[in-house]
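Here is the structure we will look at.
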Amino acid sequence: MSRYEPKAHADAVRRHGPLTIGIGWDAPLNTFFAAVHRDNDNVDDEHREILWVGTSYGEIADPKTVIDAIDPFADVDADLAATLHADRLREGHRPRSPWIR
């Protein structure tokens, strides 16, 4: 599994408060993922999550999809798609387990 934490846009922080942003490759789920969460102790857990994609087996096969998902929230390096693609090639994936639906 790889995980990167790009810096949040200033306008996204003004709108949502401090943010934690994660993006990467999840080999056991065979998917790219992206998550944006409010990083504020005054926000209850129910309202902390803003975005979370790539949580199902094989959900996202293209790194551009997860980059586009976090683009409104984060400053993304131009080479991130190539880095994520390399992570996928290096780490591979696991066969789908029969108990994953």
Side-chain angles (χ1 to χ4, degrees):
M1 181 173 187
S2 66
R3 181 182 169 92
Y4 304 94
E5 294 187 359
K7 183 179 176 188
H9 288 306
D11 58 332
V13 172
R14 278 191 297 274
R15 183 170 181 208
H16 301 286
L19 298 173
T20 298
I21 301 168
I23 186 169
W25 170 249
D26 187 333
L29 283 179
N30 189 34
T31 187
F32 291 101
F33 69 89
V36 179
H37 293 92
R38 290 179 178 91
D39 191 16
N40 185 334
D41 290 337
N42 296 327
V43 176
D44 60 53
D45 287 344
E46 183 177 322
H47 296 100
R48 193 169 298 273
E49 178 183 309
I50 297 173
L51 169 81
W52 199 339
V53 296
T55 60
S56 299
Y57 188 87
E59 181 179 344
I60 302 173
D62 181 11
K64 186 167 178 359
T65 302
V66 291
I67 291 170
D68 289 348
I70 66 164
D71 188 57
F73 304 100
D75 297 321
V76 178
D77 293 334
D79 61 343
L80 182 58
T83 300
L84 291 171
H85 181 71
D87 291 345
R88 179 181 187 177
L89 291 176
R90 183 182 64 254
E91 296 180 23
H93 70 281
R94 315 283 188 310
R96 185 177 183 151
S97 174
W99 61 82
I100 295 177
R101 296 179 189 235

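Since the model is a prediction, treat every value here as computed from it, not as a measurement.
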Smallest separation among heavy atoms of [X] and [Y], with atom names:
X	Y	answer
Leu84	Gly24	CD2-CA, 3.5 Å
Ile70	Ala34	CG2-CB, 3.5 Å
Glu91	Met1	OE1-N, 2.5 Å
Ala74	Ile21	CB-CD1, 3.6 Å
Asp75	Pro6	O-CB, 3.4 Å
Pro72	Ala12	O-CB, 4.0 Å

Is Phe33 close to Glu59 at the side-chain level, that is, under 4.5 Å between some pair of heavy atoms?
-> no
Supply the atom-to-atom distance [X] [atom1] to [Y] [atom2], rounded to the nearest 0.5 angstrom.
X	Y	atom1	atom2	answer
Ile60	Thr31	CD1	OG1	4.5 Å
Asp26	Arg88	CG	CZ	12.0 Å
Asn30	Trp25	CG	CH2	4.0 Å
Lys7	Asp77	NZ	CG	12.0 Å

Using a strict 4.0 Å threshold on nitrogen-to-oxygen distance, state whether Lys64 and Asp68 make a salt bridge.
-> yes
Basic-acidic side-chain contact under 4.0 Å: Arg90, Asp87 = yes
Does one hydrophobic cluster hold both Leu19 and Leu80, with members joined at side-chain heavy-atom distances below 4.5 Å?
->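 Yes, same cluster.
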In the single-linkage hydrophobic clustering (I, L, V, M, F, W, Y; side-chain heavy atoms under 4.5 Å), do Phe32 and Ile50 co-cluster?
-> yes
Aromatic ring pairing Trp52/His37, orientation class (parallel under 30°, perpendicular over 60°, tilted between) =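 Judged by the thresholds at 30° and 60°, the geometry between Trp52 and His37 is perpendicular.
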Do His93 and Tyr57 pass the side-chain contact (heavy atoms from CB on, under 4.5 Å) test, and can you show the C-alpha distance, the side-chain angles, and the key distance before you say yes or no?
-> CA-CA 10 Å; His93 70 281; Tyr57 188 87; 3.8 Å; yes
Among Val66, Val53, Val36, Thr83, whose side-chain contact (heavy atoms from CB on, under 4.5 Å) with Ile23 holds?
->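 Output: one option passes, namely Val66.
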Got more than 12 heavy atoms from elsewhere within 6.0 Å of NE2, His9?
->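 Above 12, so yes.
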Heavy atoms from other residues, nucleotides or ligands near CZ of Arg3 exceed 12 (cutoff 6.0 Å) |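 Count over threshold, so yes.
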